[in-house]
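Order of the sequence lines fixes the chain letters, A, B, ..., with proteins taken first and strands second; residue numbering starts at 1 for each chain. Source: prediction; values computed, not measured. No hydrogens, no waters, no symmetry mates; every other heavy atom, side chains included, goes into these values.
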Amino acid sequence: MYFNSAVFFWFLGAFLLLHFLLRGSLAGRNWLIVGASYFFYGWWDWRFLSLLLLSSLVDFFVGQALAAGKPENRRRWLGLSLGVNLGVLGFFKYFDFFSESVAGGLEALGFEASLPLLGVVLPVGISFYTFQSLGYTIDVYRGRLRPTRDLGAFLAYISFFPQLVAGPIERATNLLPQFTSTRPITKDRLEAGVWLILWGLFKKVVIADNLAYLVDLVYGDGAAAGPIILLATVAFGFQIYCDFSGYSDIARGVASLLGVRLMINFNLPYFATSPSDFWRRWHISLSTWFRDYLYIPLGGNRCSAARYRFNLLLTMLLAGLWHGAGWNFLLWGLWHGALLGVIRARTPEDSRWSKGWGWASTMALVFYGWLLFRAQSLEQIVQFTWNVWEPAVPVWLGSYLVSLGLFLLPLAVIEIWQKLAADAMPALQLRPGYRWAIHGTMLYAILLFGETRGTAFIYFQF
Amino acid sequence: MHSHEYRFRLVEGMQAVGGPVAVALLWAAVVWLGAAAGVWPSPRPMLDVDRTVLIRQADASGESSSAEVLLIGDSSCLMNVDATYLTARLGAETLNLGTLSYLDLDSFASLLNRHLKSRSGAPKTVVLLVHPDFVRRYTSARAHVEAWEHYLAGRDHWFDGTSEWGVRRWLGLHIVEGRFLGRLPVPLEGKFGSRYGFTTNLYRYQADHRGSLPDPRTLKEADLAGDRNYWVAPVHRRGAAAFAAAVPEGSRLLTGLTPLPESFPPDDFAAAYHRLLLEWSALFEGSSALFGLPPTLADERFATRAHLRPEAIEDYTEALNRELVAAFSDQDG
């Protein structure tokens with residue numbers, strides 16, 4: 001059930017009605033959220049509900065045990081949670097990749113290798129809810145959070161359908177308390193919800209889905225050469241941004257209609273003036289998760305320069321691997337790890353680099369990273385990296401530029417407005433008539449470009 | 001609706017949701033009114049390969065032309081014959097009006113009629129070239145026939161029959177698509193995208209190549225599945241009469257069938273092909289059949305069961321050229 005499908009809005013309408021009818025009953029609403037979320041998730045494949053339930057129950061009871069058990073057993077309880085969560089994730093997401101990679105490596109060394117492949121379907125959203133659930137246990141272990149005894153609230157926290165399958169990856173310290181207290185739904189939250197849903201859908205349906213055609217035109221063609229590769233990579237950078245940030249916005253908007261505040265996941269990332277600035281703005285819930293639960297425990301930057309760079313590389317390598325079991329994702333992670341290590345080392349906070357140069361160079365590096373991310377094989381990465389310098393120009397270059405410009409224009413207008421107003425929802429400051437005009441025009445465009453079946457979001461595969 | 005949980009008034013809630021909906025409906029009204037008042041540009045829904053080819057061929061048929069040889073038919077006529085090459089070989093201007101979609105013979109007749117109205121004098125020869133799959137097919141694709149008819153009539157097109165399209169039509173979205181988005185370059189998917197890029201480029205390619213359009217795909221195993229027997233579907237009788245009637249006096253109508261991959265039909269297909277062509281040609285009063293065209297070609301020469309790969313087109317066009325030269329000499333003799 002995609003956010004951009006007709007069936008989701010039927011589901012949401014029915015859910016909001018039941019949610020209204022259960023006003024005054026916090027526990028009733030939490031269990032309604034759990035039921036609706038499991039229904040929402042089971043719409044794809046009900047069999048994987050067991051994994052979601054397993055992950056949730058293990059961390060709920062580990063949380064209890066961490067609080068009530070003997071201190072000497074705390075590490076064991078944490079180990080159990082890590083083992084179950086990462087074991088399930090590793091089994092479903094990475095087993096075949098490692099098996100194939102090991103077999104490939106052995107064959108390259110001249111050994112015959114025939115390692116088993118499972119060929120299992122990747123449960124949608126498994127990386128997101130696994131990390132969210134793990135974050136809770138680690139916070140309890142560290143004493144930053146008191147474990148909840150309210151199973152309904154905990155299951156609602158793990159399975160909350162707006163952000164279940166593609167984030168934001170919420171922290172228990174932010175989201176869990178919202179399920180254990182009254183969640184007021186104000187006029188501001190309602191209007192914010194409408195803006196976030198419409199703007200998120202616009203980014204997904206109008207911009208990302210149309211840019212996808214432009215990207216596929218080049219990345220689906222093994223013989224592409226010349227500056228068209230550059231344009232297609234730019235198109236992909238904006239496609240993945242609009243696709244993923246669109247999902248995050250819709251998630252935040254739907255949550256807002258229920259009185260729940262989800263964290264901001266994207267903050268104008270293509271205005272970043274350095275790689276570290278980019279990672280403060282891109283997929284914030286994931287980058288801060290890795291920062292807090294991996295990078296800082298590794299020693300962060302309070303160590304030798306070599307160790308600091310190692311920490312960065314390892315963190316970003318795993319962040320790349322989090323996205324998918326593929327060498328291109330590993331390379332993408334390493335690329336960003338290297339950028340963070342090298343550029344930050346050379347440019348301290350009081351750098352004299354002009355913002356313009358910082359922005360242009362950061363974008364060039366970030367968009368090269370998107371080539372690594374989008375390429376279908378290592379061969380294509382090499383081929384595109386070389387072919388981009390060839391003087392070839394397809395006859396349809398003009399059409400490509402027109403099409404790219406048309407779909408990027410509304411994004412540029414809105415984001416520059418957001419930047420100048422220093423407000424992610426500037427339309428809400430307008431008088432109602434103007435606000436409705438903008439919302440209504442976005443709605444009409446969404447209906448114009450939308451398909452009732454909906455189209456998959458890129459990050460569902462992660 | 002004031003409570004400890006819902007802290008807004010009902011009217012505020014209705015405004016937040018109803019305001020945008022009202023504006024969207026206002027857009028729908030503006031779109032419909034603009035179309036009714038003739039303010040918007042005419043419909044031109046070049047949104048995919050099929051509709052771009054339909055529109056290109058409709059435009060070509062409406063342009064003044066002095067083509068002596070007119071090729072009309074299904075997608076195998078469009079994609080298997082190089083009209084530029086044929087023009088050079090015959091020394092007679094050739095125009096390919098083959099269409100990609102599953103149109104019927106009535107649509108071919110309307111295409112021919114439209115072309116004849118826009119030119120002075122009749123073409124020397126009209127060649128109706130279709131694939132054996134077309135001959136045995138009982139139905140045409142209603143959506144494509146409607147798209148074709150709506151475009152020729154200058155009407156906005158929508159696919160009828162589903163609730164989704166009902167809502168889209170009600171909101172006037174088909175008007176925006178057909179009159180505005182269809183005029184912009186729309187990227188093509190798959191191999192057509194890699195080869196031709198965008199709808200506007202595809203249109204230009206056809207215009208530059210006398211209507212012909214090579215198929216960039218490669219033959220798949222699935223293309224060689226299905227019924228291997230061929231017959232003439234009786235449903236063509238009425239359309240054949242309309243088509244034959246549309247051929248002007250002084251023009252000669254030649255009918256031909258395009259080839260199949262050699263591994264697809266039964267072993268004795270050559271004889272069956274001859275009978276099929278004879279029976280097919282007999283539907284068109286006053287026509288002659290092109291018996292010298294190859295009934296089958298090697299599988300590797302095909303892009304689909306009906307379309308040749310670009311590198312095989314010249315040889316096939318040469319075979320057609322030989323048939324036409326022979327037919328012309330008969331005619332002159």
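Of all residues in residues 439-449 of chain A, those placing a non-hydrogen atom less than 4.5 angstrom from a non-hydrogen atom of chain B are A:H439, A:G440, A:T441, A:L443, A:Y444, A:L447, A:L448, A:F449.
Other residues, nucleotides and ligands contribute over 12 non-hydrogen atoms within 6.0 Å of the CZ atom of B:F180. Heavy atoms from other residues, nucleotides or ligands lying under 6.0 Å from OH of A:Y213 number 12 at most. Summarising the local packing, CZ of B:R183 is surrounded by more than 12 heavy atoms from other residues, nucleotides or ligands at distances under 6.0 Å. Atom CH2 of A:W10 has 12 or fewer neighbouring heavy atoms from other residues, nucleotides or ligands inside a 6.0 Å radius.
Between the CZ atom of B:R7 and the CG atom of A:L190 there is a distance of 14.0 Å, given to the nearest 0.5 Å.
Both the backbone and the side chain of B:A28 come within less than 4.5 Å of a heavy atom of chain A. Only the backbone of B:Y196 comes within contact range of chain A, with heavy atoms under 4.5 Å apart. Contacts of A:L397 with chain B are absent, with no heavy-atom separation under 4.5 Å from either backbone or side chain. Both the backbone and the side chain of B:L171 have a heavy atom closer than 4.5 Å to some heavy atom of chain A.
For the set B:V186, B:V17, B:L26, B:L181, the entry with the most heavy-atom pairs within less than 4.5 Å of chain A is B:L181. Highest contact tally toward chain B, considering only A:R189, A:R435, A:K187, is held by A:K187 [criterion: heavy-atom pairs under 4.5 Å]. Contact tally against chain A (heavy-atom pairs below 4.5 Å) for B:E189, B:R204, B:R195, B:K191: the top residue is B:E189.
Within the 4.5 Å cutoff, side-chain heavy atoms of B:F8 are placed close to those of A:I185.
Smallest separation of non-hydrogen atoms from A:W436 and B:Q15: NE1-O, 3.4 Å. Across all their heavy atoms, B:S194 and A:L217 have their closest contact at N-CD1, 4.1 Å. Taking each heavy atom of A:S399 and B:T200 in turn, the nearest pair found is OG-OG1, 3.4 Å.
Aromatic ring pairs are classed by plane angle as parallel below 30°, tilted from 30° to 60° and perpendicular above 60°; the pair A:W396 and B:F198 is tilted.
Not one N or O on the side chain of A:E191 forms a donor-acceptor pair closer than 3.5 Å with the backbone of B:A16.
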